[in-house]
Colleague: 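Sharing a structure here in structure tokens format.
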Amino acid sequence: MKWTSTALRIALLLATTGLVGWYFGKPAWALCAVLLALVLHWLMQMRRVQNWLQQPQTPPPEIYGIWGDLLSRIYIQQKKGREAQARLQSTIDYLQDSFAYMRDGVIIVDEQGLLKWFNSPASELLSLREEDTGQILMNLVRAPEFSDYFNEGDFSEPLEYSVAGDTVTWVRIEITRFGDGDRLLFVRDITSAIRMEQVRRDFVANVSHELRTPLTVISGYLGTFLGDADNLDPRYRKAMGQMLQQAARMENLLKDLLWLSRIESGKGLEQHSLVSISALLAELLDELRSAEPERTVNVHLETEYQVLGDYRELYSAVSNLVWNALKYSPEDSPVEVHWRKQDGLYQLSVSDHGIGIDSMHIPRLTERFYRVEDSRSSATGGTGLGLAIVKHVAATHGAQLQIDSTLGTGSVFSLIFPDRGEIVEQHPTAASVA
């Protein structure tokens, strides 16, 4: 509306000026004089607007017409923007005050990796100073693990690493993206938890080691007595047989505990060598033929790719998967083992047509001593540690354990290895061995 009325007034002024100039015989000069006056007036108004824009905090000057309306609208929008900025700053101040009183360290980094803010715990854990604000965080935290984690950009899992100093400190870092590329870092001191976990591992390893000798003695004497069962009082035969069976179960449990403790303590992968999965499966089949000659295991080799890692650990993981498949499937049902490349990854899968597992149990299957049914585990002689061992072996080899199962139909356990390019893959070899 302002534009229309202004245009009409200018048109009316020019028409009046033209008539007056025509009356005096100089219409062109009259129009030029009026247009020059209009331009000068508008230049003055623009100058006043420019002066005000340089000091936007002050109220706009008193200008009428279209320029006054324009300044009024600009002033209203600026006022709204300042109010929104004030609310945002108030929220930021509140969050920073809240973060300042947290026990965990909190760091805010912008999209360029520049340090914007941090609280006192973060300063203590990562040795940051007030004057470091505005510096690149990678130049301040000189830990290769942290640099790799930060630059890769995959923050789905937290990072845990040790910080050198007078005493070794372990920290856990979790990163969350927010805003336009900014990142929020939470830093926690987990030294106590790491030490307690180490104490637990040492305790389990020591106790397991100390119990092996007395169990071996007990099993030896029981075996000796039962070996001369004809001269043994019939009242004691059944009891001693059960004692020998339970002693064997305890020995298996201790063996698994010691093996799991070895893997968790980081002693795995002591020898980095290329492991032939086909050779590993051939050795496992020989063992199965001796222990379970009536059972059938079909092996299908579709690749000769070799995995970089520890042969004993990989053998233990694959052996656990195959033995589990045999335990929880009918005796006349074969177990299928596939070693193949699929979707750019290498997959070793063990499938059976057994009782299957309810989906509610699958997330907890790899927990130590977790059992779906106590009676079933007792009947099959399981220790509850097999899948925990498989999970840790997979983790130390950069692989993933995938479990697919349908209750009453069967299960498929897969170890999925990334393609690391350790060898040039040979021509696929297919085999089926029973």
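Not measured: the values here are computed from a predicted model. Starting from 1, each residue takes its place in the sequence as its number.
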Colleague: Can L115 and I107 be said to form a side-chain contact (heavy atoms from CB on, under 4.5 Å), step by step?
Modeller: CA-CA 8 Å; L115 182 61; I107 301 173; 3.2 Å; yes
Colleague: Count the heavy atoms belonging to other residues, nucleotides or ligands that lie under 6.0 Å from CZ of R195, then report whether that count exceeds 12.
Modeller: no
Colleague: Apply side-chain contact (heavy atoms from CB on, under 4.5 Å) to Y311 and E283, showing your working.
Modeller: CA-CA 12 Å; Y311 183 90; E283 180 182 348; 2.4 Å; yes
Colleague: Calculate, to the nearest 0.5 Å, the distance between atoms CD1 and CG belonging to I403 and L321 respectively.
Modeller: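 CG of L321 is found 8.5 Å from CD1 of I403.
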Colleague: With side chains defined as the heavy atoms from C-beta onward, is the minimum distance between P330 and H353 less than 4.5 Å?
Modeller: no
Colleague: Identify each donor-acceptor pair in which a side-chain atom of residues 121-144 lies under 3.5 Å from a protein atom, sequence neighbours left out, and give them as a table.
Modeller:
residue: S123; atom: OG; partner: L128; partner atom: O; Å: 2.5
residue: D132; atom: OD2; partner: R129; partner atom: N; Å: 2.7
residue: T133; atom: OG1; partner: E130; partner atom: O; Å: 3.1
residue: R142; atom: NE; partner: N139; partner atom: O; Å: 3.4
residue: R142; atom: NH2; partner: N139; partner atom: O; Å: 3.4

Colleague: Between Y305 and Y346, how do the two ring planes meet: parallel, tilted or perpendicular, split at 30° and 60°?
Modeller: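 Ring orientation of Y305 relative to Y346: parallel.
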Colleague: Other residues, nucleotides and ligands only: do more than 12 of their heavy atoms fall within 6.0 Å of CD on E160?
Modeller: yes
Colleague: Hey, could you give me the NE2/CG distance between H338 and N298, rounded to the nearest 0.5 Å?
Modeller: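 So the gap between those two atoms works out to 8.5 Å.
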Colleague: Please give me the minimum heavy-atom distance between Q306 and S276, naming the atom from each residue.
Modeller: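 Where Q306 meets S276 most closely, the heavy atoms are CG-CA, 4.1 Å.
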Colleague: Show the numbers, then the answer: is there a side-chain contact (heavy atoms from CB on, under 4.5 Å) between S351 and V335?
Modeller: CA-CA 6 Å; S351 58; V335 171; over 6 Å; no
Colleague: Using modelled atom types and a 3.5 Å cut-off, is there a donor and acceptor pairing between side-chain atoms of S316 and backbone atoms of R312?
Modeller: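 Here the side-chain-to-backbone pair does not exist.
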Colleague: If you count the non-hydrogen atoms of other residues, nucleotides and ligands that lie under 6.0 Å from CZ in R183, is the total more than 12?
Modeller: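 Yes, because the 6.0 Å sphere around CZ of R183 holds more than 12 heavy atoms from other groups.
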Colleague: Could you tell me whether a side-chain N or O of R295 sits under 3.5 Å from a main-chain N or O of E331, the two making a donor and an acceptor?
Modeller: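 Looks like yes, one N/O pair under 3.5 Å.
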Colleague: Quick one: are Y328 and I357 in side-chain contact, heavy atoms under 4.5 Å?
Modeller: no
Colleague: Measure the NZ-CD distance between K341 and E304 for me, rounded to the nearest 0.5 Å.
Modeller: 14.0 Å
Colleague: Quick one: does L415's side chain get under 4.5 Å of L401's, heavy atoms only?
Modeller: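 A side-chain contact exists here, since the closest heavy-atom pair is under 4.5 Å.
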Colleague: Checking F186 now: which residues fulfil ring pair (Phe, Tyr, Trp, His ring centres under 6.0 Å) with it, not counting sequence neighbours?
Modeller: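 Not a single residue meets the ring pair (Phe, Tyr, Trp, His ring centres under 6.0 Å) criterion with F186.
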Colleague: With the side chain counted from C-beta on, respond yes when L387 and N320 share a heavy-atom pair under 4.5 Å apart, and no when they do not.
Modeller: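 No; the side chains remain at least 4.5 Å from each other.
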Colleague: For P418 versus A399, what's the shortest heavy-atom pair and its separation?
Modeller: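 That closest heavy-atom pairing would be CD-CA, 4.5 Å.
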Colleague: Dump the intermediate steps for side chain to side chain donor-acceptor pair (under 3.5 Å) on S411 and S405, then the final yes or no.
Modeller: CA-CA 4 Å; S411 306; S405 184; 2.6 Å; yes
Colleague: Roughly how far, to the nearest 0.5 Å, is OH of Y149 from CD1 of I173?
Modeller: 8.0 Å
Colleague: Should V390 and T366 count as side-chain neighbours, where that means a heavy-atom distance under 4.5 Å?
Modeller: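 Not touching, per the 4.5 Å side-chain cut-off.
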Colleague: With a 4.5 Å heavy-atom cut-off, do F178 and I108 have their side chains touching?
Modeller: yes
Colleague: Kindly compute the distance separating CG (L285) from OG (S290), expressed to the nearest 0.5 Å.
Modeller: 11.0 Å
Colleague: Looking at every heavy atom in both D352 and S329, which two are closest together, and how far apart are they?
Modeller: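 Where D352 meets S329 most closely, the heavy atoms are CB-CB, 4.0 Å.
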Colleague: Which distance, rounded to the nearest 0.5 Å, do you find between the CG of D343 and the CG of D419?
Modeller: 12.5 Å
Colleague: Please find the pair of heavy atoms, one from N119 and one from G105, that lie closest to each other, and give the distance.
Modeller: OD1-CA, 3.4 Å
Colleague: Got E336 and H300 here, is their nearest side-chain heavy-atom distance under 4.5 Å?
Modeller: yes
Colleague: Do L288 and L326 come within less than 4.5 Å of each other through their side chains, counting heavy atoms only?
Modeller: yes
